[in-house]
Amino acid sequence: MELAVVGRGDFTLGFKLAGIRKTYEVTDETMDGTVRDTLDDKDVGILVMHNDDVSVLPAALQSALGESIEPTVVLVGGGETSQLREKIKQAVGVDLWK
Amino acid sequence: MAIRDVKPTRSELIELKKKTKLAESGHKLLKMKRDGLILEFFELLNKAKNVRSELDDAYGVASEKIGFAKSVEGDVAIRSIAFALKDVPQIKLESKNIMGVVVPKIESSQVRKSLCERGYGILGTSSCLDEAVEAYETFVEKIIVAAEIETAIKKLLDDIEQTKRRVNALEFKVIPELSEAERFIELRLEEMERENTFRLKRIKA
């Protein structure tokens with residue numbers, strides 16, 4: 001399995017240098033389809049995205065990304081822990097991510 | 001279970017007592033499972049926090065280095081160098097079991113490579129580019145570690161929530177209803193016994 005990166009040109013360029021082949025440069029219009037295709041790709045084990053890019057996706061797809069185990073979705077950039085934080089609050093009842 | 005549906009018979013009472021016992025033992029086991037899962041979660045939480053802060057730091061460094069490299073080499077040159085890279089980092093997803101919760105275990109091939117193994121010429125490129133590549137390799141390594149831990153946490157949280165719901169349903173719905181039905185049958189049987197005694201006394205008199 002491989003890592004995949006979906007994002008703007010600036011974001012994906014560095015990953016190309018680290019040897020990641022499945023890097024997809026997208027715009028706001030093409031992001032939705034590319035993310036869906038990557039989630040369906042059986043050869044992708046980890047999907048990396050920037051948190052700002054995720055916020056432009058439809059709510060259903062955002063929650064699909066949050067729930068996805070295979071591929072595992074890792075969000076980088078500011079505020080990426082908010083989903084996990086909410087989940088912890090919901091399950092344990094206390095905000096332990098402080 | 002509504003009280004009006006309960007038949008006030010001894011066999012029903014025995015059946016209800018069996019059900020209550022089973023529900024109580026299930027409740028005890030589920031509570032133990034929930035506590036165990038929460039302990040496992042706390043262990044992973046500290047790791048996840050550390051990994052996330054390391055990941056953020058690595059991202060900051062990598063972004064800075066690629067910015068430098070872009071300004072020195074230019075965007076097009078960096079893109080063409082990226083095409084020259086040979087090895088693709090491969091990952092292997094396995095699973096492990098934490099108290100009945102299947103969580104992923106991610107193993108990866110070597111991400112970090114030496115200068116000679118990278119595949120681009122070292123004479124025509126600057127050290128800024130090498131530093132950027134190295135920073136991104138470190139960043140990718142951190143991403144792989146974060147992916148494993150954060151997925152495990154997500155799965156544990158799902159299971160904690162599910163177990164909590166089951167515990168609450170047993171504690172506040174199933175067991176009280178069964179106890180209430182049991183009490184109703186006991187009272188009804190006592191009442192029937194009193195009626196019977198009274199009837200026998202009247203016949204005697």
Task: Check: A:S68 side chain, A:A64 main-chain N or O, donor-acceptor pair, under 3.5 Å - done: no
TODO: Sort out for me which of B:D158, B:I38, B:I160 touches chain A most, counting heavy-atom pairs under 4.5 Å.
DONE: B:D158
Task: Contact winner vs chain B - A:I20, A:V73, A:I88, heavy-atom pairs under 4.5 Å - done: A:I88
- [ ] Please state whether the side chain, the backbone, both or neither of B:L156 comes within less than 4.5 Å of a heavy atom of chain A.
- [x] neither
Task: Top contributor to chain A interface from B:I91, B:T151, B:L45, B:L55 [non-hydrogen pairs under 4.5 Å] - done: B:I91
Open item on the list: Donor-acceptor check, side chain of B:K33 to backbone of B:M99, threshold 3.5 angstrom: yes or no?
Closed with: no
Task: Leading residue by heavy atom contact count with chain A [cutoff under 4.5 Å; candidates B:R34, B:K155, B:K154] - done: B:K154
Task: Residue part contacting chain A, namely of B:A48, when any heavy atom lies under 4.5 Å - done: both
Open item on the list: Strictly distance-based, threshold 3.5 Å: is any side-chain N or O of B:E24 a donor or acceptor partner for the main-chain N or O of B:I175?
Closed with: no
Task: B:N168-B:R165 side chain donor-acceptor pair, cut-off 3.5 Å - done: no
Task: Test item: B:T163 side-chain N/O and B:D159 main-chain N/O as donor-acceptor pair under 3.5 Å - done: yes
Open item on the list: I'd like to know if the side chain of A:Q62 and the backbone of A:L57 have a donor-acceptor N/O pair within less than 3.5 Å.
Closed with: yes
Task: Contact class of B:A147 relative to chain A, heavy atoms under 4.5 angstrom - done: both
- [ ] With a 4.5 Å cut-off on heavy-atom pairs, point out which of B:K92, B:Q162, B:K70, B:E148 contacts chain A the most.
- [x] B:K70
